[in-house]
Each structure stands twice: as C-alpha cells, then as structure tokens.
Amino acid sequence: MIRTAALAALLASTALSSAAMAQIPVPAPAPAEASSGFASSDATDPYLWLEEVDGERAMAWVEEHNARSLGVLRGDPRFETLHQQALEIVQSRDRIPSPGFNRDGTIDNFWQDAEHVRGVWRTTSLDSYRTEAPQWETILDIDALAAAEGRNWVYKGHSCLPPGEARCLVSLSDGGKDAVTVREFDRATRTFVKDGFVLEESKGGASWVDGNTLLIARDFGPGTLTSSGYPMIVKVLRRGQTIDQATTVFTGQPTDVSVSGYTLRDADGVVQATLINRGVSFYEGETHRLNADGTTTRLELPAKSNINALVRGQLVVTTDQDWTAPSGQEFKTGDVIAWDLDRWLADPATPARLVIRPTGREAIEGITNTRNKLVVALYENVRGGVDVYEPDPSGEWTRTRLDLPQNVSVNLGSASERDDAVFISVTGYLNPSSLYLADAATGVSDLTKSLPAKFDATGMTVEQFEARSSDGTMIPYFVVHRGDMAMDGSNPTLLYGYGGFQSSLLPGYSATVGKLWLERGGVYVVANTRGGGEFGPRWHQAALQENRQRAHEDYQAVALDLIARNVTSQPRLGIMGGSQGGLFMGAMLTQRPDLINAAVIQVPLFDMLRFHKLLAGASWMAEYGNPDVPEERAWIEAYSPYQRLEAGRPYPEVFIHTSTKDDRVHPGHARKAAARLEDLGYPVLFYENTDGGHAAGANLRETARRIALEYTYLTRRLMDQPAAE
C-alpha cells in the first residue's frame, strides 16, 4: 500500500524566488578521503564485538555508557522539568483516540495512558465515539495480560476474520521487537481461544482465508528465511495442524527481501483472490495468485507497483515506474490505474483505466476505499487535500474534492466498507490535530474531535523556504519560529531530516517539540530532501543508490541556507534524525561538522559497509546498493559515516541512542559509532534502552525519558550561554 502521511496540516507559507536563492552560495561538501583501511573488513574493525547484541562484554560496555550518559543528562537541573513535561504529554488522556471501523459500524481503538502503559484494545459505537466522553468497553488489556503471564508484551495489532469479525489474530511482541507471537482471540468472549491458532515468535505475518484456514509466512526452521531475515516460504495452515503439517504453496529465493500472503476481499468480506507477494527487493516484487488447485500464477503487474484497493470490482494499482502494459498502454511513474478485476484475471491484456497522473509537484500520500469510493490524499508542494474517485458505468473515473479546511496536511484514517464514511485527520506544526468524519458519497465532512493546544504558540509562525542544492535542485523546508525572531544568527535551531524510502516529512503537530523546544525559544526546521516522497516516486528515486549523496547535499544545503538567512549560526544549529535519518546525521557529522554544534542520532544506520549483514539490512540494498559489489561499495564507502570518522575534525559532542531490542536496525551501528568517536578522542553521550524495539520505546514512560534526554542534551549544546564546546 502507498505510505500514509503523518498527521499533519500546513499553515500559511512563504518562499524566496529562485533568483534570490541564486545569490546564496552553497559550498560543496567535503570530498571523500582516501580510505584509511579502518573497518574496511572484519579484520580491521576493532569494535566488531559490539555487534553481539546480548554479549556479556558488549552489555557491560552498554551499562557503563548508560551510567555515564544518564549521570550527565539526568544530573542536569533542567532534566526533571523536561521529563515531567514529556511524561504529562505522552501519558495525557487529552488525545484523539485513533478510530478503526469494524464491519458492523462499531469503532475500535488502541489506547495508552498512565494507567495503561502497555495499552488497551477497546471498542464503542460510532454514536458514542462522536460524543465528548465515549463509553468504551475493554476487549484486551495488554498490561493485565503481561502481568498475568509474566511477559514483557508489546501490542503489535490484530486482524479479524470478515465478515463477522468474531475471531481475530492478535500479534504480541517481546519488548517491542518486530518479531511477534500470533494468537487466536475470540472477540465475543474476549479470551484467547483454547487450542486455537498459535504461531510462535517470528518475523512475518498471518492472514485469514476462512474460519479454519490461515495463510502464514514465518520462520519455519533452517533454510526458510531470506538473507534479510524475513520469511521466504508461504504455507496454508488448517485448524488442528501443526506448523510442520502446513502445506507449502510458495517458495521465494534466499536473495529476496521477503514473501507474504493475503486475501483480496470485496466490501462484503468475500474473497475475490488469494495473493502472494514476493519482495524481490525493497521496491521490486511479484504478485502471484494462489489457484484452487494449489498452484500459483504470476500476475502481469510492473515490478515497482502497489495494489491499493478493490472498489466496486475495480482493482486499483499504483505504478512506481514507467511501464508498458500487456494491452500496449504506456503508463508513467506515479500513475494510479484500475482494471475490472474479473476481466483482468481472465485476460491480462484487458486495457486499464488511468485514474490519476500526478504532476511534478504533486504526490499521493495515501489511498483507501470505502464501500463505493476511492479516497486519495493528494499533495501539491507539501500541501494536502482529499479527492474522491468513482468509476462510472463506462469505466471512466470521476473526481470530486471533499469539503475540508484548505492549505492543510491530511491523513487518511479508517474507512468504512459498510458505507462511504471515512475518518480524516487535519493538523499543522502549530495547529493541534482535528478529526473529521467525511461522507465520500456526498463530499460533506463534519468536525468530530479536536485537541486543545499542548504548548503556547502565541506569536509563532510557520514559513516555507527553498534551498539550492549542489546540483541546482530546489529543496523545500519548513521553519517554525517566533514571529519576532531576531535574524542575527543567535537562535537555537533544530534541523530534522530523514530523506529515504519514499517517506515524506509532512507538517504535523508535535506537543513535545512545541513544549520542550519551541515554547522555550527554539526554532524547529524540517527538510524535505530528495529520497523522501514529498514529490512522488521520482523525488525518491533521484537519491537512490549511487545518487544517495544528493540527499546528503540537500540536507547540507538547508543548513547552509539557514545560516545564510541568519536564522541561526554554527554554535546554535543542531540536527536530529533516526534510522535512515540517523545515517543522515552521520553524513552531516562527517562531511560538514563545521555547520553544527549538536547531533541527536537516533537508532542509526552507521556502518554502511556491513549494514546488509546485520538483521534486516539486506532488505535495504535496493535503497543503498550492495557493499559486496565493488562498484556499489565505492559509492557507499564514500559516505559511510563509521569509516569516515577521523581525528582532527570539529565534531561536536553528539548524543547517540539505540535499543537492545531493536531487531530491524542493529544496535551495533550506534554502539560502534560511539566507540569509534571515543577512540578518536571525542566526547560522546550514548544511551541504550534495553527494551523498546526500533521505535525506541516499549512503553510511554520510557518514551518520555528518551525525549527528555534528547532535549536536555539540545539545551546544553544550543541554548546555554555561551554555547557548549
């Protein structure tokens, strides 16, 4: 499915002209140094032992660094205030409960607060949900379950069997890992089914075929996982069978990212096709239909595509590449197309209908469907609106726009397959989230819930500027600040970035950023660099593999532009990013340390010569390249932060944090980065949460602590007078 936008909205913005921007010079980033040989192989990496996640020596190192860093940051007199503010925000009940439609019209929600740290799955009626104080009924209390079973359970979602949805598959993670245990749950009795389906801990998934049959992709033992650590085999499991007795229906290749299976159902919950997805790479794949006789048939779809919806018999697909269909039709990257499903399955040469062709400054950030309509979040220059599409009797698609606030960011929420209702969130950097319930049939939307402000935004404003990157591409970015901000370079400024995997950074309300940073005089900046999806697949693909450095240069261009405008200066500029964004931070640190005085590096990728050998890393070679291929290794080595760290550079003291339980991005990346910096004589703050998974927070209390540590660090580096050295 197309990635859904973060809860977001956009305030009024301004932009400098290209002519004005041409006056701002952008020095080229530091060229790659000749390799010193450090960590160019296992034999030359002195910190390889830190990759032993639970190794005794590695954990002793973690405990020592945690004690030291927590001593510094929690010992700061401002930490406790920041911690209490963060705790109050993340545990607040004053949040919009995220609604999920059931087929009977009721609403489900998963909720966490101070009393339900792990969370509770609960339900209510739509009418009750729309009131100020809904009457919730608990379905499953994760805190109570964890206590009763003596386990560190983290809820990872559920799926219920259509159309009745009485039986569900509940996914539970040990400490927040991606790997989950799946257990069958009876929604009516609100108990786990005795002798029901149970799938032991593994990455992968399970989908209902019918009440007695599952389609499962799991770790079935040696030789059943891809080199990325994900399932390679799909099986059909029938009630009463053991995992070993399940029937294999599809086997991928060890070099694949993963395989998975699911059912394509109509609005009444009737299975129209059972499909298997083979992820050949992170962005390329195959879709196979499972036939009644157990054989499979590959469907004629582009390698880079997503099946988005099934609406009134029309299969809706997005293509992320230029493609010539079997019908001879030519489609472009980013197109949304549709076929009559039955006709297309019978004859792949059946012509498709073009539903949407985004322009160069547009991007589709979400697609969903109600019973009769296709609902699309369409952005122009990082501003969102919601369009409704419907096929007419001739197969052509008509378009109408929902009645929503203008110049906002939008997020498509749950859509009803009972009727044409859909929830839509609207928000902005300074505007608390609002939730609308829209009728896709009439175009009318009603404000259902809205949040009060969580920080004082009086006098604050949002502006949108553009920076010229090294190759001349204009990179948009948002600046959130006080309207009376002095343009003298004195403003403590936090620059956030991600820049990968076609993930868009859209404006959204963050109470913690507002309370712990903006309200205290900080400036917050978000860079919409290439590698993201802000302008669709081409914006992302422009920074893939050998062109990854373009995204780093985009981010550096924004930093330079902020300094050129006198928004901030090197002593007052800090950066923040996680996962792929952590790699972004490492590239800025090693290429342009002269621009920054702080870096919050969250659960990062750092050793890019070994990323493909650690946990899920092999699945990202479509994004970065393969370090085992000499040509590709050359472009990766040119920016890999771990290998580029060296003595004699003006690195600021950085704050690196990760999680022991992260089974997606290996904690060894963060550990080795900190160890190498220390070995070179640089001060480092390092913290590793021993739970939490890739999101770095197994529960709300840990989340609040992590946030407080980050902003205590940023206060010390960017707000103190004089700036910390």
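Here the structure is a predicted model, which is why all the values come from computation and not from measurement.
- When the shell of 6.0 Å around CZ of R239 is examined, it contains more than 12 heavy atoms from other residues, nucleotides or ligands.
- The existence of a salt bridge linking R399 and D387 is confirmed by a sub-4.0 Å separation between a basic side-chain nitrogen and an acidic carboxylate oxygen.
- Residue F423 holds its CZ atom at 6.0 Å from OG1 of T448, rounded to the nearest 0.5 Å.
- Of the possible polar contacts, one joining the T442 side chain to the V444 backbone as a donor-acceptor pair under 3.5 Å is found.
- For W344 (side chain) and A352 (main-chain N/O), no donor-acceptor pair under 3.5 Å exists by modelled atom type.
- Side chains of D256 and T226: a donor-acceptor N/O pair is absent below 3.5 angstrom, by distance only.
- For the pair V422 and K373, the minimum side-chain heavy-atom distance is 4.5 Å or more.
- Relative orientation of the Y639 and H552 rings is perpendicular, given thresholds of 30° and 60° on the angle between their planes.
- In this structure the side chain of L544 reaches within 4.5 angstrom of the side chain of Y283, judged on heavy atoms.
- Using a cutoff of 4.0 Å between basic side-chain nitrogens and carboxylate oxygens, K332 and D322 are not scored as salt-bridged.
- The aromatic rings of F611 and W620 sit parallel to each other, their planes meeting at less than 30°, with 60° as the upper class boundary.
- A 4.5 Å side-chain heavy-atom check between Y436 and L402 finds every atom pair outside the cut-off.
- Judged purely by distance below 3.5 Å, without hydrogens or angles, the side chains of N291 and T297 pair a donor atom with an acceptor atom.
- Remark: side-chain polar atoms of W539 are not paired, donor with acceptor, to backbone N or O of G360 under 3.5 angstrom.
- Under the side-chain contact (heavy atoms from CB on, under 4.5 Å) test applied with L199, the options I243, D219, V180 reduce to a single match, I243.
- Residue Q245 places its CD atom among more than 12 non-hydrogen atoms of other residues, nucleotides or ligands, all under 6.0 Å distant.
- In this structure, the side chain of S504 engages the main chain of G533 through a donor-acceptor pair within 3.5 Å.
- When only modelled atom types and interatomic distance are considered, E632 and N626 share no side-chain donor-acceptor pair under 3.5 Å.
- Within the 3.5 Å criterion, the main-chain N or O of T247 finds no donor-acceptor partner in the side chain of Q241.
- Nearest heavy atom pair, residue I107 against residue P99, reads CG2-CB, 3.6 Å.
- Here the shortest heavy-atom pairing between P348 and E300 reads CB-CG, 3.6 Å.
- Looking only at distances, a side-chain donor or acceptor of D210 sits under 3.5 Å from a matching main-chain atom of N212.
- Here the side chains of L310 and N369 are not in contact, with every heavy-atom distance at 4.5 Å or above.
- Under the 4.5 Å side-chain criterion, counting only non-hydrogen atoms from C-beta, L299 is in contact with L275.
- R312 contributes atom CZ, which lies 15.0 Å from atom CG of L341 (distance to the nearest 0.5 angstrom).
- A distance-only check finds a donor-acceptor pair linking the side chain of S414 to the backbone of F101 [under 3.5 Å].
- Between the T350 side chain and the R343 main chain, a donor and an acceptor come within less than 3.5 Å of each other.
- D104 places a side-chain N or O within donor-acceptor distance of the main-chain N or O of T106, the cut-off being under 3.5 Å.
- In this structure a side-chain-to-backbone donor-acceptor pair under 3.5 Å is missing from E417 to A267.
- Side-chain contact of R361 with N381: a donor-acceptor pair under 3.5 Å is present, judged by distance alone.
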**Report entry** Trace of the side-chain contact (heavy atoms from CB on, under 4.5 Å) decision for T224 with K235
**Finding:** CA-CA 11 Å; T224 66; K235 295 188 178 187; over 6 Å; no

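- Donor-acceptor pairing under 3.5 Å is lacking for the side chains of Q321 and T333.
- Checked options R371, R103, R418; the residue passing with D268 is R371 (criterion: salt bridge (charged side-chain N to carboxylate O under 4.0 Å, His left out)).
- Minimum heavy-atom separation, N528 to I475: O-CG2, 3.7 Å.
- Remark: T287 OG1 to I307 CD1 distance equals 4.5 Å, nearest 0.5 Å.
- Below 30°, between 30° and 60°, or above 60°: for F465 and Y477 the angle between ring planes is between 30° and 60°, a tilted geometry.
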**Report entry** From CA spacing to verdict: side chain to side chain donor-acceptor pair (under 3.5 Å), D392, T398
**Finding:** CA-CA 7 Å; D392 64 21; T398 60; over 6 Å; no

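- Atom CG in D178 sits 5.5 Å away from atom NZ in K156 (nearest 0.5 Å).
- Residues T213 and R238 are in side-chain contact: their nearest non-hydrogen atoms beyond the backbone lie under 4.5 Å apart.
- For G211 against L161, the heavy-atom pair with the smallest separation is CA-CD2, 3.4 Å.
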Query - Worked verdict on T274 versus V249 for side-chain contact (heavy atoms from CB on, under 4.5 Å) - result: CA-CA 11 Å; T274 300; V249 292; over 6 Å; no

Query - Candidate pair Y389 and V311, rule side-chain contact (heavy atoms from CB on, under 4.5 Å), full reasoning - result: CA-CA 10 Å; Y389 294 82; V311 184; over 6 Å; no

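- Distance CZ/R633 to CE/M608: 12.0 Å, rounded to 0.5 Å.
- Relative orientation of the F501 and Y498 rings is tilted, given thresholds of 30° and 60° on the angle between their planes.
- Partner of Y624 under the side-chain hydrogen bond (donor to acceptor under 3.5 Å, both in side chains) criterion, chosen from Q580, R548, H612: Q580.
- Residues D554 and S469 have side chains that bring a donor and an acceptor to within less than 3.5 angstrom of each other.
- Using bins of under 30°, 30° to 60° and over 60° for the plane-to-plane angle, the ring pair F331/W323 lands in the parallel bin.
- Two residues are said to be in side-chain contact when any heavy atoms from C-beta on lie closer than 4.5 Å; V316 and W397 meet this criterion.
- Annotation: the span from W208 atom CH2 to L169 atom CG amounts to 4.5 Å, rounded to 0.5 Å.
- When all heavy atoms of V182 and S171 are compared, the closest pair comes out as CG2-OG, 3.8 Å.
- Within the 4.5 Å cutoff, the side chain of V376 has no heavy atoms near those of the V336 side chain.
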Query - Chi angles and distances behind the side-chain contact (heavy atoms from CB on, under 4.5 Å) call for I364, T318 - result: CA-CA 10 Å; I364 294 170; T318 301; 5.5 Å; no

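- The two residues L237 and A246 come nearest to each other via the heavy atoms CD1-CB, 3.9 Å.
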